[in-house]
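In what follows, a structure is listed as structure tokens, so that the remarks can point back to it.
If you read the sequence from its start, that first residue is 1, and numbering goes on from there. Atom set for the values below is all heavy atoms of this structure, side chains included, hydrogens, waters and symmetry mates excluded.
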Amino acid sequence: MDGMPGPYVIRGSVSLPEAELMWRFSRSGGPGGQHVNTSDSQVELRFDLAKTEALPPVWKERALAKLAGRLVDGVISVRSSEHRSQWRNRETAAVRLASLLAEATAPPPKPRRATRIPRGINERRLREKKQRSDTKRGRTGRDWG
């Protein structure tokens, strides 16, 4: 159980390079009972986004721009401590980092193309509006005895 499972795919054929991942383990709060005081189950995974060569340059620029608030000297870090086992926390942290990078490197959405509202639809809307206002005007109690 000492080898990490397959590469964590960001998108397409691009995945997180194992050699560039920096792991740090520490004591974790939360579940674990007596076991918690003896094991370093909290995981902090760091990835140097500024220096990596694993991402295409366009993706890298996008990620650096989108994650600017989370970066410290070009390094992004993800922490996981919800599981009792270090192994599962490592899994969670790596998956979280991969999905974070996938989201940050996604191409921007296509700009919305303005379309004209067909004349018939607009006329119908105005007709219904007028009808509604006539209905409401008819409810006033002015000419009731």
Query - CD-CD distance between Glu82 and Gln42, expressed to the nearest 0.5 angstrom - result: 10.0 Å
Requested in this report: Just jot down the side chain to side chain contact (heavy atoms under 4.5 Å, CB included) partners of Glu103, sequence neighbours excluded, or say none.
Outcome: none
Query raised in the report: With a cut-off of under 6.0 Å to the ring centre and 45° to the axis, is Arg90 in cation-pi contact with Trp23?
Result: yes
Requested in this report: Any chance you could measure Ser26, atom OG, to Gln86, atom CD, to the nearest 0.5 Å?
Outcome: 9.5 Å
Query - Test side-chain contact (heavy atoms from CB on, under 4.5 Å) applied to Leu97 and Leu21, step by step - result: CA-CA 10 Å; Leu97 179 64; Leu21 299 179; 4.0 Å; yes
Query - Within 6.0 Å of CG in Leu126, more than 12 heavy atoms from elsewhere - result: yes
Query raised in the report: Heavy atoms, side chains only, cut-off 4.5 Å: are Thr92 and Val78 in contact?
Result: no
Query raised in the report: Does the pair Arg127/Glu123 count as a salt bridge with the N-to-O cut at 4.0 Å?
Result: no
Query raised in the report: Charged N to carboxylate O under 4.0 angstrom, Glu44 versus Arg96?
Result: no
Report summary line: In terms of heavy-atom contacts, Asn89 and Ser80 come closest through OD1-OG, 3.2 Å
Report task. Please assess Leu45 against Met22 for the test side-chain contact (heavy atoms from CB on, under 4.5 Å), listing each intermediate value before the final yes or no. Result -> CA-CA 6 Å; Leu45 173 57; Met22 298 168 275; 6.0 Å; no
Requested in this report: Decide whether Val95 and Leu55 are clustered together by the hydrophobic rule: side chain heavy atoms of Ile, Leu, Val, Met, Phe, Trp, Tyr closer than 4.5 Å, transitively.
Outcome: yes
Query raised in the report: So do Leu67 and Leu49 actually touch side chain to side chain, heavy atoms under 4.5 Å?
Result: yes
Query - Evaluation steps, side-chain contact (heavy atoms from CB on, under 4.5 Å), between Ile76 and Asp48 - result: CA-CA 6 Å; Ile76 186 157; Asp48 197 336; over 6 Å; no
Query raised in the report: Which pair of heavy atoms, one from Ser77 and one from Arg46, lies closest together, and at what distance?
Result: CB-CG, 3.7 Å
Query raised in the report: Got Leu101 and Trp59 here, is their nearest side-chain heavy-atom distance under 4.5 Å?
Result: no
Query raised in the report: Regarding Asn122 and Arg125, is there a side-chain donor-to-acceptor distance under 3.5 Å anywhere?
Result: yes
Requested in this report: Using atom types as modelled and distance alone, determine if a side-chain donor or acceptor of Lys66 lies under 3.5 Å from a backbone N or O of Thr105.
Outcome: no
Query raised in the report: When you look at CG of Asp73, are more than 12 heavy atoms from neighbouring residues, nucleotides or ligands closer to it than 6.0 Å?
Result: no
**Report entry** Rounded distance (nearest 0.5 Å) linking atom CZ of Arg116 with atom CZ of Arg119
**Finding:** 9.0 Å
Query - Interatomic spacing from NZ in Lys136 to CZ in Arg139 - rounded to 0.5 Å - result: 6.5 Å
Query - Non-hydrogen side-chain atoms of Arg62 and Pro107 separated by less than 4.5 Å - result: yes
Requested in this report: Check whether any side-chain heavy atom of Val43 lies under 4.5 Å from a side-chain heavy atom of Arg79, and answer yes or no.
Outcome: no
